Student: 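Have a look at this one.
All chains are named by letter (A, B, ...) in the order of the sequence lines, taking the proteins before the strands, and each is independently numbered beginning at 1. These numbers were taken from a predicted model, which means no experiment stands behind them.
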Amino acid sequence: MPELPEAETIARGLDGQVRGRRLLAARCLRKGICERKVRYPVGARVASVRRRAKKVLIHFDDGTTLLVSLGMSGQVRPRPAGPLPKHTHLLLTFEGAEFVYVDPRRLGRLAPPREATTMLAPAEEVARWCEERLGPDAVDVGWPAFREALARRRGALKPLLLNQRVVAGIGNIYADEILHRAGIHPRARPADLPEAALRRLHRATRTVLRRAIRANGTTFRDYVTPTGARGDFGKLLAVYGREGERCRRCGAAVERLRWPPGRSTWYCPGCQPEPEEI
DNA sequence: GACGATGTTGGCAC
DNA sequence: GGTGCCAACATCGT
């Protein structure tokens, strides 16, 4: 679930609740997701909480930044009264507010993806790490940068949209929604498309992500934001997960592809015609 | 109980 | 460089 809109929702929620407050304690409960030995900046105040692509960045006023990669099921939520929720891996205690990092599938890291050390580093170091691996941020990329990111790329559009080095922040749900809104088939290749289609794709990218942010993201299972709210974008999904249901725009039955490998893609054959075979 | 899905990412082979 | 396969995990539906 955590794609760009969910990360944005988490970052905004945290920012509103902890900015200016001191970190009083941090307790890592599962090595490998966070790091028990790392010295969290206890005593430092939160300067801001921001988002880059699908990652949440907690900036402290001592110059350090904590990078949160949410993986498939990572959540940051208020600590409930009583026992810690199942799969709580980190407890963050701020002045007047306490949060848990919960991640059942354990694919997230309080660090870069798949690295078992906490990335709690000088802000510039974290920023450099991000810039080396991430393309322009999908929600605010301008048209020239968007076109440039896709120019000369050979592959099909859906895998390109999922590639964080091409455009950063889009995952499986929003890739399908964006392609549907743009009326482009997921297997179409950017080089074969007229510029007008790429412009539609650019506009659709920004529109879909902005709407999802406005709805606080898409809630699967028990995802909640740091303020405890649920994401409402699920009701607005046009194709994702709607195999066999009617397209809200043209009435055709939504289809599902088992592709790219290991994933699924939903699209509307009426709105998103097959690309011409070469 | 088995099997096959699931929002991410990175490494590998071809 | 593109593509496919696998891995890391727990959980849920059939």
Student: Can you tell me if A/Arg21 uses its side chain to pair, donor with acceptor, with the backbone of A/Val46 under 3.5 Å?
Tutor: no
Student: Taking only side-chain N and O atoms of A/Arg109, does any of them lie within less than 4.0 angstrom of OP1 or OP2 on B/dT8?
Tutor: no
Student: Take atom C1' in C/dT3 and the same atom in B/dG7, then report the distance between them in whole Å.
Tutor: 22 Å
Student: Look only at the side chain of A/Asn172 and the backbone of A/Ser264, and say whether a donor-acceptor pair between them is shorter than 3.5 Å.
Tutor: yes
Student: For C/dA7, give the paired nucleotide (Watson-Crick: N1-N3 plus N6-O4 or O6-N4; G-U: N1-O2 and O6-N3; both under 3.5 Å), or none.
Tutor: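 Here C/dA7 is engaged in a pair, and the nucleotide opposite it is B/dT9.
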Student: When you measure from the side chain of A/Trp259, which nucleotide among C/dG4, B/dT9, B/dT6 comes out closest?
Tutor: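 That would be C/dG4.
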Student: So does A/Arg187 pair up with A/Glu274, basic N to acidic O under 4.0 Å?
Tutor: no
Student: Round to a whole Å and report the spacing from CD1 of A/Ile170 to C1' of B/dG7.
Tutor: 14 Å
Student: Can you tell which of B/dA5, B/dT8, C/dT11 lies closest to the side chain of A/Arg256?
Tutor: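 Among B/dA5, B/dT8, C/dT11, the one nearest the side chain of A/Arg256 is B/dA5.
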Student: Strictly below 4.0 Å: does A/Lys54 bring a side-chain N or O up to OP1 or OP2 of B/dT8?
Tutor: yes
Student: Any side-chain N or O of A/Arg153 below 4.0 angstrom from OP1/OP2 of C/dG2?
Tutor: yes
Student: Quick check for you: among C/dT3, B/dT8, B/dT6, whose closest atom lies nearest to any side-chain atom of A/Arg189?
Tutor: C/dT3
Student: Looking only at side-chain N and O atoms, does A/Gln164 come under 4.0 Å of OP1 or OP2 in B/dT9?
Tutor: yes
Student: Identify which nucleotide among B/dT8, B/dA5, C/dC9 has an atom closest to any side-chain atom of A/Asn172, counting heavy atoms from C-beta outward.
Tutor: B/dT8
Student: Compare side-chain N and O positions of A/Lys55 against OP1 and OP2 of B/dT8 and report whether any pair is under 4.0 Å apart.
Tutor: no
Student: Which of the following nucleotides, C/dG2, C/dG4, B/dG7, is nearest to the side chain of A/Pro2?
Tutor: B/dG7
Student: Has A/His87 got a side-chain N or O lying under 4.0 Å from the OP1 or OP2 atom of C/dC9?
Tutor: no
Student: Do any side-chain nitrogens or oxygens of A/Arg263 fall under 4.0 Å of OP1 or OP2 in C/dG4?
Tutor: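 For C/dG4, neither OP1 nor OP2 has a side-chain N or O of A/Arg263 closer than 4.0 Å.
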Student: How far does CD of A/Glu3 sit from CD of A/Glu8, to the nearest 0.5 angstrom?
Tutor: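 One gets 14.0 Å once the value is rounded to the nearest 0.5 Å.
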Student: Does a nitrogen or oxygen in the side chain of A/Tyr240 sit under 4.0 Å from OP1 or OP2 of B/dG7?
Tutor: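 Answer is yes, contact under 4.0 Å.
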Student: Determine the sole option in A/Val239, A/Leu157, A/Thr265, A/Asp176 for which the side-chain contact (heavy atoms from CB on, under 4.5 Å) test with A/Pro186 is passed.
Tutor: A/Thr265
Student: Counting the atoms with a prime plus P, OP1 and OP2 as sugar-phosphate, which does A/Arg133 contact under 4.0 Å by heavy atoms, base, sugar-phosphate, or nothing?
Tutor: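 Nothing: the residue A/Arg133, judged by heavy atoms under 4.0 Å, touches no strand.
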Student: For A/Gly108, which contact category applies under a 4.0 Å heavy-atom criterion: base, sugar-phosphate, or nothing?
Tutor: nothing
Student: Taking atom types as they are modelled, would you say the side chain of A/Arg106 forms a donor-acceptor pair with the base of C/dC9 within the 3.5 Å cutoff?
Tutor: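 When only heavy-atom distances are counted, A/Arg106 does not reach the base of C/dC9 through any donor-acceptor pair under 3.5 Å.
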Student: Suppose you measure atom P in B/dG4 against the same atom in C/dC5; what distance do you get, rounded to whole Å?
Tutor: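 To the nearest whole Å, 15 Å.
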Student: Out of B/dT9, C/dG2, B/dT6, which nucleotide sits closest to the side chain of A/Ser264?
Tutor: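 Of the candidates, B/dT6 comes closest.
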Student: Please name the residue in the list A/Glu255, A/Gln272, A/His180 that meets the side-chain hydrogen bond (donor to acceptor under 3.5 Å, both in side chains) test with A/Tyr267.
Tutor: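 Passing option: A/Glu255.
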